[in-house]
Amino acid sequence: MQIKRNVLLNPGPSTTTDTVKMAQVVPDICPREREFRSIMAPMREELVKIVHGGDDYAAVLFCGSGTICIDATLNSLLDAGKKALVINNGSYSQRAVDVLDCYGLPFINLEQPIYTVPDLSAIEEALKADDGIGYVYMAHHETGSGLLNPIREVGALAHEYGAFFIADTTSSYAMIPINVYDDNVDFCMASAQKGIMGMAGLSYVIGRRNIIEESSRYPKRSYYCNLYMQYDFFERTGEMHFTPPVQTIYSARQALMEYWNEGEGKKWERHQRVMAAIHHGEEKLGLKEILDRSVQSGLVSAVKYPDDPNWDFEKVHNYCYERGFTIYPGKIEQQGTFRLCALGAIDESDIEEFWKVFEAALKEYGIQTPVWYKEA
Ligand SMILES: *Cc1c(COP(=O)(O)O)cnc(C)c1O
């Protein structure tokens, strides 16, 4: 079977291999069969292994998009009388604020500039000023801007002040090497459609067993999205509490096999090679990014809209889309940006092809190259 290959430069779901796509095509099976359970146990272990966790960490799988992990960790891991501290420097940490707000939970919204790494002393001040902070939450990679946050340093601060540390690693997990011990991460999370290059619909929290077990006596605020309840069901039965995304799990199994075959280091090198090709094309066309290279993750490049009167993101997007390349609008308020991402099963040759198409789109719509910006 020939499947058209699209190069997705959006921040997930990402381009997958045909073998991962085809792994979904399996005989119908009831997920309560032992045969299906036998897939879940090694998968949970492998998901922990990706971030170098030992037996003191467990993976808890959910059927849902990545946001389900933000929801589950935030609502399940806050003890009565405790407060959350959110380091808010982008649209994904804002999502954590929205979740806490939605549950009516107490939190400190520590807003930080979105173009630079957060001020560690401000975080320390916040921790010092309040001894009721249960956990600190931060996005590792702010996917909206492409900013990489200092999880190791912030995790260490959280621990110093008796809080534990939750990192949203949805857009870095299985791409940027993470070691939960060295990086001071008690909880991290991801979704199969991003780093492991699987299908959407399966997401996972990887976290410290002792904290999850301790949380069994915390107030329960959700039935479907309670971390301990899902963990406990896995531990007792080896299954998801409710119907798992069966075919997505088969493709995730294949994706994990391909992850180990490629290898942590080689895969990260490939993503960086892809980003170097993205940067190279931007420089050639004079496209400007909103973030300084020194604070970028290496996985997302947020590009400023040119000031050319003929610039029209929709048109350029559609031109590229029709030719198999998907670019993505930005998530920065009050500023026109679009994003080019280095996730997925792509390599630098795909990016070289992309730039040819992008340049042709600029020509087609009379957008001057190198592109024009008002400010020099
Ligand atoms: C993609 C992503 C999520 C999850 O988004 P969904 O649309 O729910 O899959 C969460 N956090 C970050 C940092 C992400 O990049």
Side-chain angles (χ1 to χ4, degrees), residues 8-16 47 50-51 60-75 84 86-100 102 112 114 117-118 135-151 154-155 165-176 178 183 185 187-207 222 224-225 227 245 248-249 251-252 255 271 275 291 295-302 326-332 337-344:
L8 302 186
L9 301 177
N10 49 297
S14 50
T15 298
T16 56
L47 291 169
I50 287 180
V51 285
V60 185
L61 282 58
F62 289 94
C63 178
S65 82
T67 304
I68 202 168
C69 299
I70 303 181
D71 188 318
T73 49
L74 294 185
N75 92 65
V86 179
I87 318 305
N88 185 353
N89 64 346
S91 50
Y92 290 87
S93 28
Q94 179 58 42
R95 192 172 298 177
V97 166
D98 295 343
V99 168
L100 288 162
C102 189
Q112 290 286 298
I114 65 166
V117 290
Y135 58 69
V136 177
Y137 179 97
M138 185 166 73
H140 183 206
H141 171 208
E142 263 294 350
T143 324
S145 60
L147 182 83
L148 190 70
N149 271 321
I151 49 172
V154 173
F165 182 49
I166 305 173
D168 175 356
T169 55
T170 313
S171 61
S172 52
Y173 176 95
M175 293 180 281
I176 300 174
I178 295 168
D183 290 323
V185 169
F187 289 87
C188 61
M189 59 189 78
S191 194
Q193 88 254 17
K194 293 198 179 173
I196 70 163
M197 312 191 308
M199 296 294 150
L202 173 70
S203 298
Y204 21 85
V205 172
I206 292 111
S222 171
Y224 199 78
C225 291
L227 191 64
T248 296
I249 285 174
S251 63
H271 290 300
M275 185 47 76
L291 286 192
V295 295
Q296 288 184 21
S297 62
L299 290 166
V300 170
S301 171
T326 301
I327 61 176
Y328 203 65
K331 250 194 180 179
I332 311 289
T337 59
F338 67 96
R339 283 178 283 175
L340 300 174
C341 309
L343 281 67

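Counting starts at 1 for both ligands and their atoms, in listed order.
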Using a 3.5 Å cut-off on N or O atoms only, is Ser191 in polar contact with ligand 1?
no

Could you list the atoms of ligand 1 found under 4.0 angstrom from a heavy atom of His141?
13 (C)

If the cut-off is 4.0 Å to any non-hydrogen atom of Thr67, which atoms of ligand 1 fall inside it?
4 (C), 5 (O), 6 (P), 8 (O)

Which heavy atom in Ala190 sits nearest to a heavy atom in Cys69, and how many Å separate them?
O-SG, 3.9 Å

Hey, could you give me the CG/CG distance between Asn89 and Leu147, rounded to the nearest 0.5 Å?
5.5 Å

Nearest-contact summary for atom 5 (O) of ligand 1 - protein heavy atom, Å:
Arg95 NH1, 3.2 Å

Where is the nearest protein heavy atom to atom 12 (C) of ligand 1: which residue, which atom, and how far?
Tyr92 CD2, 3.2 Å

Aromatic contact, Phe62 with Tyr224 (centres under 6.0 Å)
no

side-chain hydrogen bond (donor to acceptor under 3.5 Å, both in side chains) between Ser14 and Gln193, intermediate numbers included:
CA-CA 6 Å; Ser14 50; Gln193 88 254 17; over 6 Å; no

If you count the atoms of ligand 1 from 1 in the order shown, which ones are under 4.0 Å from a heavy atom of Gln193?
9 (O)

Ignoring hydrogens, what is the shortest heavy-atom contact between Ala342 and Gly298? Give both atom names and the distance.
CB-O, 4.1 Å

For Ser171, the ligand 1 atoms with a heavy-atom partner under 4.0 Å come out as 13 (C), 15 (O)

Which residue owns the protein heavy atom closest to atom 1 (C) of ligand 1, what's the atom, and how far is it?
Lys194 NZ, 1.3 Å

Only heavy atoms of Thr143, strictly under 4.0 Å: list the atoms of ligand 1 that pass.
12 (C), 13 (C), 14 (C), 15 (O)

Closest protein heavy atom to atom 11 (N) of ligand 1, given as residue, atom name and distance to 0.1 Å
Asp168 OD2, 2.6 Å

In this structure, SG of Cys225 is separated from CG of Asp71 (nearest 0.5 Å) by 4.5 Å

Would you say Arg95's side chain and Ile70's backbone share a donor-acceptor pair under 3.5 angstrom?
no

Give the residue, atom name and distance (to 0.1 Å) of the protein heavy atom nearest atom 9 (O) of ligand 1.
Gly66 N, 3.0 Å

Side-chain donor-acceptor pair under 3.5 Å between His141 and Ser297, yes or no?
yes

Would you mind listing which atoms of ligand 1 come within a distance below 4.0 Å of any non-hydrogen atom of Ser65?
6 (P), 8 (O), 9 (O)

